[in-house]
Amino acid sequence: MARSDQIAQHYLDKLERIRDRGIDPYPHSYHRTHTAQEAVSLFEHQETSPHAVPSSELSLAGRITASRFMGRIAFFDIRDGSGKIQLYFGSDILGSEKYESLADLDIGDIVGAKGKLFRTKTGEITLEVADFTLLAKSLQPLPEKWHGLVDIEKRYRQRYLDLISNEEVKPAFTLRSQIVAALRRFLDQRGFLEVETPVLQPLAGGALARRFKTHHQALDQNLFLRIALELYLKRLIIGGFDKVYEIGHVFRNEGISTTHNPEFTMLESYQAYADYTDVMKMVEDMVCYVAKEVVGRTEVEFGGERIDLAPPWRHVTLREAIKDRCGIDFKDYPETASLRARMEQLGIQPDPNKDRGRLVDELISTFVEPSLIQPTFLVDYPVEMSPLAKRKEDDEQLAERFEAFVGGMEIANAFSELNDPVEQSKRFEAQEQALRQAQSTTPELTGATTQDGEPEVEVIDDDFILALEYGMPPTGGLGIGIDRLVMLLTDKQSIREVIFFPQLRAK
RNA sequence: GGGCCGCUAGCUCAACAGGUAGAGCAGCUGACUCUUAAUCAGCAGGUUCAGGGUUCGAGUCCCUGGCGGCUCACCA
């Protein structure tokens with residue numbers, strides 16, 4: 001018999017023994033009076049306050065994480081959502097028959113226990129068990145108690161095991177929830193309205209990324225998972241909601257890395273009668289607020305660097321930042337060809353399909369981004385890489401756009417939203433043209449079509465143009481990658497450590 | 001998609017230079033009335049990711065494939 005089968009058989013034998021004794025191994029409910037942590041606090045309080053009511057019987061419940069049998073007494077550790085507590089079993093208290101039935105419990109089982117609290121000789125607050133109940137039988141052995149679950153693949157595929165056996169995993173996820181809650185509080189306090197817009201979209205615009213396709217049977221129509229929240233939120237601004245935001249998953253059919261998951265959480269907000277300078281101020285305040293709320297301070301450690309999130313953040317134009325780092329002033333190279341030639345002089349071999357906007361983007365990611373450890377706004381982007389952003393009044397080559405970088409990661413992208421429908425239409429056309437050109441030379445890159453001939457990337461959204469034609473107020477818009485913000489505040493170097501179930505190839 | 005690295009018992013890890021696959025935890029049997037990585041004695045447990053090849057002999061070397069990690073590309 002294989003060992004795993006042998007182990008399984010032991011569990012099944014126990015299950016049968018339990019049932020034979022008339023015990024339901026999966027009872028319907030159990031009412032605990034305290035969590036493990038509440039019990040510990042209660043006992044400590046009673047010890048220190050002379051007037052406190054003496055400890056009466058209480059009941060706890062949790063998963064058995066360790067058992068130590070010592071003849072006619074035994075100690076178990078159980079863990080619930082609040083933490084760990086020790087249980088003490090004595091055959092003199094329980095009676096020998098009940099005590100013997102402890103043998104049917106395994107590490108991993110969920111149990112309820114009631115009794116009184118006391119301190120052991122070694123000082124640990126412990127429940128002296130007067131009675132216990134099996135609440136759920138486990139039929140699988142848990143990972144090793146000391147090292148926990150190390151195998152990274154298994155940690156992600158069976159996250160519940162990771163959470164059970166690696167205590168240090170849970171806090172980042174708890175913090176994640178607190179971060180999202182704090183973001184909501186911040187925006188709600190400022191009068192933003194949280195809204196929901198379609199995940200299934202006939203076009204999937206608002207960014208330039210390959211999309212996931214699906215099909216609606218009743219409509220007999222292809223639909224796409226959204227790659228951004230932008231275009232629907234702007235429709236709501238047009239409709240008269242002056243401050244809206246949405247927190248939700250977007251889906252991009254691109255590569256997976258330590259900073260990219262195919263589905264990730266985006267916060268987008270739009271504020272009518274604001275521009276990108278207003279948004280910039282809000283981003284500083286918001287990130288600072290969240291840090292104070294969830295970690296209690298604005299200084300955080302990330303990847304061995306000490307980062308201070310307190311405003312004001314450093315502010316530098318994109319043009320200056322690139323010039324400082326590699327000596328190229330993109331303003332001197334208004335043509336794609338000349339910029340590429342200049343980059344090649346520096347030994348860079350840019351992809352031949354890249355247009356000027358993407359070349360500038362390559363300069364950012366190669367020379368600028370890695371150095372942006374302390375919070376920094378890069379301001380004023382070339383208009384060709386910002387098709388949804390308004391041009392600057394005094395420089396039509398640049399758009400009123402900024403990105404915020406912290407810890408070498410882009411965490412926010414914002415602009416004064418383009419609200420001129422005719423201009424927007426032209427920008428879409430230009431983008432479309434650039435895409436088709438790239439597609440003609442290298443179909444496997446972005447711009448390719450799927451097997452049935454549908455474009456993987458689509459940019460022209462006539463329905464959105466129609467909406468703009470009714471008039472959108474001047475608006476400041478913002479996008480924040482929540483996962484990366486969580487990485488920053490939890491000092492995690494991989495996005496998979498802040499997403500419960502990261503995408504993996506099916507086995 | 002490219003490069004590099006990894007995959008051995010349920011879990012965590014060994015196995016010199018190609019020579020009988022081992023240990024700890026978990027499990028099982030037994031001892032033990034304050035342990036906490038409990039301790040002690042014993043037992044059981046393996047398709048070494050899969051398939052091919054080289055060799056007298058492969059966990060180890062070679063090839064193909066699978067899955068994962070890092071990284072590059074992609075992700076305006």
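Quick note on labels: first sequence line is chain A, next is B, and so on, each numbered from 1.
Looking at residues 397-419 of chain A, you'll see that no heavy atom sits under 4.0 Å from any atom of RNA chain B.
Of the candidate nucleotides B:C67, B:C11, B:C74, B:C67 has the atom nearest to the side chain of A:Arg505. Considering only the side chain of A:Glu153, B:C67 comes nearest among B:C75, B:G24, B:C67.
Every residue meeting the ring pair (Phe, Tyr, Trp, His ring centres under 6.0 Å) condition with A:Phe402, not counting sequence neighbours, appears here in chain and number order: A:Phe377. With sequence neighbours excluded, the residues satisfying side chain to side chain contact (heavy atoms under 4.5 Å, CB included) with A:Thr35 are A:Arg32, A:Gln37, A:Glu38, A:Asp80, A:Ser82.
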For nucleotides 28-30 of chain B, tabulate all protein N/O to nucleotide N/O atom pairs closer than 3.5 Å, reporting atom names and distance.
{"unit_1": "B:C28", "atom_1": "OP1", "unit_2": "A:Lys14", "atom_2": "NZ", "d": "2.7"}

Any N/O pairs under 3.5 Å between the protein and nucleotides 32-35 of chain B? List them or say none.
{"unit_1": "B:C32", "atom_1": "N3", "unit_2": "A:Gly71", "atom_2": "N", "d": "3.1"}
{"unit_1": "B:C32", "atom_1": "N4", "unit_2": "A:Gly71", "atom_2": "N", "d": "3.4"}
{"unit_1": "B:C34", "atom_1": "O2'", "unit_2": "A:Lys121", "atom_2": "NZ", "d": "3.4"}
{"unit_1": "B:C34", "atom_1": "O2", "unit_2": "A:Lys121", "atom_2": "N", "d": "2.8"}
{"unit_1": "B:U35", "atom_1": "O2", "unit_2": "A:Arg68", "atom_2": "NE", "d": "2.8"}
{"unit_1": "B:U35", "atom_1": "O2", "unit_2": "A:Arg68", "atom_2": "NH2", "d": "3.3"}
{"unit_1": "B:U35", "atom_1": "O2", "unit_2": "A:Gln86", "atom_2": "OE1", "d": "3.1"}
{"unit_1": "B:U35", "atom_1": "N3", "unit_2": "A:Gln86", "atom_2": "OE1", "d": "2.9"}
{"unit_1": "B:U35", "atom_1": "N3", "unit_2": "A:Gln86", "atom_2": "NE2", "d": "3.0"}
{"unit_1": "B:U35", "atom_1": "O4", "unit_2": "A:Gln86", "atom_2": "NE2", "d": "2.8"}
{"unit_1": "B:U35", "atom_1": "O4", "unit_2": "A:Thr120", "atom_2": "OG1", "d": "2.8"}

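Taking the nucleotide of RNA chain B with the nearest heavy atom to each of A:His147 and A:Ala66, the more 5' of the two is matched to A:His147.
A donor-acceptor contact shorter than 3.5 Å links the side chain of A:Lys98 to the backbone of A:Phe132.
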Query raised in the report: Where does RNA chain B pair, written as one dot-bracket string 5' to 3', with Watson-Crick or G-U pairs under 3.5 Å, ( ) inside the strand, [ ] for crossing pairs and | for another strand?
Result: (((((((..((((.....[..)))).(((((.......))))).....(((((..]....))))))))))))....

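Contact check, A:Lys145 against B:A26: a side-chain N or O comes under 4.0 Å of OP1 or OP2.
With respect to the salt-bridge test (charged N to carboxylate O, under 4.0 angstrom), the residues A:Glu263 and A:Arg252 do not qualify.
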